[in-house]
Amino acid sequence: MSIHITFPDGSVRPYEAGVSGWDIAKSLSEGLARQVLAAKVNGVVQDLSATITTDATICFLKWEDAEGQNTFWHSTAHLLAEAVEALFPDAQFWVGPALEKGFYYDIDLGDYKLTEDDLRKLEMKMSALAKNNAPFIRKAMQKEEAIAWFTEKGDRYKLDLLHGLEDGNISFYTQGNFTDLCRGPHIPHTGFIKAIQLTSIAGAYWKGDENNKQLTRIYGISFPAQKELDEYLALLEDAKKRDHRKLGKELELFAFSENVGLGLPLWLPKGAMLRERLQQFLQKAQMESGYLPVITPNIGHKNLYVTSGHYEKYGKDSFQPIKTPQEGEEFLLKPMNCPHHCEIYKTAPRSYKDLPLRLAEFGTVYRYEQHGELHGLTRVRGFTQDDAHLFCMPEQVKEEFKTVIDLVLYVFKSLGFTNYTAQISLRNKEDRSKYIGSEENWQRAEQAIIEAAAEKGLTTVTAYGEAAFYGPKLDFMVKDAIGRKWQLGTIQVDYNLPERFDLTYIGEDNARHRPVMIHRAPFGSMERFIAVLTEHCAGKFPLWLAPVQVKLLPISDRFLPYAQNVLLQLKKADIRVEMDDRNEKIGKKIRDAERMKIPCMLVIGEQEVAEGKAAVRRHGKGNMGARSVEEIIAGLRQEVEENQ
RNA sequence: GCCGUUGUGGCUCAGUGGUAGAGCACUUCCUUGGUAAGGAAGAGGUCGUGAGUUCAAUUCUCAUCAACGGCUCCA
């Protein structure tokens with residue numbers, strides 16, 4: 001019997017039923033057959049050796065395809081397991097999936113502690129095994145048979161895995177001496193794997209539960225050619241240079257001190273300047289959108305958080321209350337601004353005419369983060385939220401929510417973030433024990449978010465289990481230099497706190513009604529935002545944000561008096577300017593200013609003094625020629641206004 | 001909190017069972033130099049902290065603290 005295979009370009013060719021993907025690839029070209037890793041048949045990725053019995057569309061996956069890489073790395077994980085089993089016969093295996101970049105395998109090595117040396121040995125073993133060109137052979141198995149196989153092997157992890165699988169849907173893969181329970185698919189044989197690097201060892205709780213045993217996780221990456229591994233390593237090097245922790249030190253933005261405490265950043269003058277520019281930028285936008293600034297204290301009575309529900313939820317695992325010496329009254333370091341803002345709402349009777357009431361505060365909060373979680377400025381124990389709470393009538397929620405989306409997108413656009421993900425964070429589907437509030441309110445809130453996002457045309461992903469304990473969120477996620485994802489902006493609908501604080505407003509009908517609260521923070525936290533922004537622009541902040549916008553570079557101290565004069569003029573024009581009056585050559589001064597990524601340098605020498613000018617040099621661009629000081633000021637001002 | 005790695009002057013890093021070195025930065029002097037490092041001299045560290053082994057520890061062992069890579073967590 002003959003079947004019709006449709007190719008991506010739309011062409012159709014006849015084949016015998018039962019033909020394999022590989023046969024088809026070979027029929028097209030030998031070159032293709034040498035490169036192809038897997039086949040996507042009717043949209044499903046499968047082994048090349050799998051046969052095709054009916055009409056189908058086919059697409060060959062090569063290294064260049066994301067799904068091809070995925071398969072490649074998954075197969076490498078099996079190769080790793082084979083090497084581990086060869087070197088550590090008692091090892092028991094859990095799972096070994098592919099990642100966005102690379103793969104890992106979780107392994108129980110008993111009490112053995114894996115070392116870096118072991119990784120090198122494993123790499124060598126893997127390379128040796130790969131050279132055997134061992135095919136990945138699939139074998140379907142009955143559940144009973146599979147259980148018997150692993151029981152005999154004494155493999156409790158795989159048995160656990162098996163129990164969750166449906167009979168009739170179980171397959172094994174064997175390459176060389178290693179057989180693993182696996183859904184597949186895999187690349188044709190190990191010979192494709194030419195370059196391997198095992199990158200790190202880590203502990204990982206079995207099934208991600210910290211009550212379970214910790215397995216040894218081996219991370220690695222592999223490529224079809226050494227050249228590509230080298231390129232990848234070079235890319236990693238480059239990413240390291242953008243790391244905000246490194247740049248923060250180099251550009252003197254922030255620092256940490258053990259004497260101050262873990263996760264408590266110290267903002268240095270340059271970092272503080274940057275942060276203030278950002279705050280002013282947002283404050284301006286918020287004033288235009290009808291926000292009202294408020295200020296609340298850094299501590300609050302424990303009862304405030306008992307009322308809000310935060311105490312019950314986080315009290316034990318957070319900084320413990322501080323007490324007044326006489327009365328023994330308990331106060332908490334402010335972990336959230338919302339309860340304070342609720343109290344501000346309650347200071348006066350509110351009419352529907354007052355709503356929406358938008359209270360904004362750059363509020364500094366303190367949260368006890370686990371030691372191992374602290375990370376530069378992205379995860380700290382004291383940070384400042386660009387927080388605001390919008391109190392509105394239920395019928396205003398969606399409109400208000402949409403306005404906030406606009407604000408967040410405006411912020412992102414102004415700062416050059418184009419590569420973000422909008423994530424609708426909803427409750428965990430199975431486990432609802434950690435959430436508070438009525439089912440009805442949750443559904444209304446979820447509905448409001450989903451609709452608002454859709455009406456704004458946002459492309460969103462939905463993440464279950466990522467909601468806050470009191471309500472669903474719309475989170476804006478951005479990746480850092482090393483590819484880690486961070487939540488920046490967030491918008492949350494909250495029906496819960498207004499109830500807990502018994503917030504009301506008088507409606508048109510002269511009756512009391514319950515307002516709805518929207519929490520929102522476009523930056524999220526100033527700390528995290530600046531971290532991600534720093535990595536995003538590799539420390540080259542735009543002129544309007546740069547802590548030092550202009551550096552004056554007099555060629556010799558003969559020109560200092562003139563340069564002093566220029567310095568004064570620029571300062572009077574509100575330009576953030578410094579002068580390098582060191583006894584150094586101009587080349588050295590330029591080098592240092594360039595390394596500090598200062599956007600604009602003004603070189604002043606004999607020529608400039610004579611003409612009443614300064615020679616403009618822009619960061620990374622070189623000499624732009626001499627201009628009068630007035631002209632320079634006007635140009636800088638214009639650039640600041642245009643880009644802000 | 002858990003697993004693993006690391007911890008040497010302000011920064012980046014070398015090094016040794018017999019109480020330490022380089023480059024940059026810093027200070028002083030010389031130099032007054034035109035678009036990414038001018039020269040010389042000098043100062044600066046009880047080698048994260050505590051205990052143990054040893055005649056002797058920065059070097060070995062243990063503990064502890066912190067940073068880093070993960071896991072778990074994240075109002």
Side-chain angles (χ1 to χ4, degrees), chain A residues 104 106 109 113-116 119 199-219 243 245-246 249-250 252 255-259 261-263 305 308-315 317-318 334-339 365 367-376 378-381 385 387 434 436 466-471 473 482 484 486-487 490 492 494 496-497 519 525 528 553-560 582-595 601-608 615-626:
Chain A
Y104 69 81
D106 280 350
L109 291 168
K113 289 197 199 324
L114 212 62
T115 64
E116 290 284 326
L119 291 190
T199 46
S200 67
I201 310 166
Y205 297 111
W206 183 44
K207 294 188 178 178
D209 185 336
E210 60 181 325
N211 299 313
N212 283 344
K213 175 166 186 179
Q214 206 161 43
L215 306 176
T216 303
R217 175 172 295 180
I218 303 175
Y219 282 93
D243 193 312
R245 293 166 298 185
K246 186 173 159 66
K249 202 179 276 180
E250 286 172 4
E252 298 163 19
F256 290 91
S257 156
E258 283 184 38
N259 294 329
L262 308 192
Y305 302 101
S308 72
H310 290 105
Y311 188 78
E312 194 198 341
K313 184 78 186 165
Y314 294 104
D317 304 314
S318 195
K334 179 164 76 174
M336 285 293 280
N337 300 301
C338 22
V365 297
R367 297 176 184 176
Y368 177 80
E369 303 286 359
Q370 292 188 69
H371 184 177
E373 264 317 318
L374 302 170
H375 180 90
T378 51
R379 194 79 186 270
V380 285
R381 286 180 173 170
Q385 295 178 311
D387 212 357
K434 62 182 231 187
I436 60 171
E466 292 296 319
F469 74 97
Y470 52 75
K473 309 188 284 180
I482 329 170
R484 284 186 273 221
W486 298 99
Q487 177 202 305
T490 179
Q492 312 173 6
D494 186 354
N496 183 53
L497 275 189
H519 310 243
S525 92
R528 179 176 293 176
L553 311 177
I555 285 178
S556 97
D557 50 19
R558 285 193 293 136
F559 314 116
L560 277 178
R582 291 176 304 169
N583 180 9
E584 291 291 351
K585 287 185 147 182
I586 190 64
K588 169 80 163 173
K589 292 185 181 185
I590 286 172
R591 178 180 152 89
D592 288 346
E594 288 280 354
R595 290 214 299 188
M601 289 149 274
L602 297 181
V603 176
I604 293 168
E606 190 149 14
Q607 185 98 36
E608 287 73 23
V616 179
R617 180 190 168 98
R618 295 303 299 254
H619 173 76
K621 293 200 187 107
N623 194 351
M624 316 290 278

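Chain identifiers are assigned alphabetically (A, B, ...) following the order of the sequence lines, protein sequences preceding nucleic acid strands; residue numbering begins at 1 within each chain. Bear in mind the structure is a predicted one, so any value in this text is a computation, not a measurement.
Between the side chain of E608(A) and the base of G34(B) there is at least one donor-acceptor pair of N/O atoms closer than 3.5 Å. Checked by distance alone, R558(A) brings no side-chain donor or acceptor within 3.5 Å of a matching partner on the base of U32(B). For Y368(A) and G1(B), a side-chain-to-base donor-acceptor distance below 3.5 Å is absent, hydrogens and geometry of angles not being considered. Side-chain atoms of R379(A) come within donor-acceptor range of the base of C73(B), with a qualifying N/O pair under 3.5 Å.
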Please test D209(A) against K207(A) for salt bridge (Lys or Arg N to Asp or Glu O under 4.0 Å), starting from the C-alpha separation and ending with a verdict.
CA-CA 5 Å; D209(A) 185 336; K207(A) 294 188 178 178; over 6 Å; no
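Rounded to a whole angstrom, the distance from the P atom of G18(B) to that of C26(B) is 35 Å.
Atom CZ in F256(A) sits about 19 Å away from atom P in G10(B), given to the nearest Å.
A salt bridge between R595(A) and E250(A) is absent, with no side-chain N of the basic residue lying under 4.0 Å from a carboxylate O of the acidic one.
Among all heavy-atom pairs drawn from L553(A) and K589(A), the shortest one is CD2-CB, 4.0 Å.
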Any protein N or O atoms within reach of nucleotides 3-8 of chain B? Criterion: under 3.5 Å, listing atom names and distances.
unit_1, atom_1, unit_2, atom_2, d
C3(B), O4', Q214(A), OE1, 2.3
C3(B), O2, G203(A), N, 3.1
G4(B), OP1, K113(A), NZ, 2.8

Can you check nucleotides 60-63 of chain B for protein contacts, nitrogen or oxygen pairs under 3.5 Å, and list what you find?
none

Collect all protein-nucleotide pairs involving nucleotides 23-26 of chain B in which both atoms are nitrogen or oxygen and the distance is under 3.5 Å.
unit_1, atom_1, unit_2, atom_2, d
A25(B), OP1, K588(A), NZ, 2.3

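Nucleic acid contact for E250(A): none, since no nucleic acid atom lies under 4.0 Å from a heavy atom of the residue. In this structure, I555(A) reaches the bases: a heavy-atom distance under 4.0 Å links it to at least one base atom across the strands shown. Using a 4.0 Å heavy-atom cutoff across all strands shown, A615(A) reaches at least one base atom of the nucleic acid.
Base pairing annotation: G10(B) forms a Watson-Crick or G-U wobble pair with C24(B), both donor-acceptor distances under 3.5 Å.
Y205(A) has its side chain within reach of E210(A): a pair of non-hydrogen atoms, C-beta onward, lies under 4.5 Å apart.
Mapping N623(A) and P335(A) onto RNA chain B by nearest heavy atom places N623(A) at the nucleotide closer to the 5' end.
Centre separation under 5.5 Å together with a plane angle under 30° holds for the ring of Y314(A) and the six-membered base ring of A75(B), marking them as stacked.
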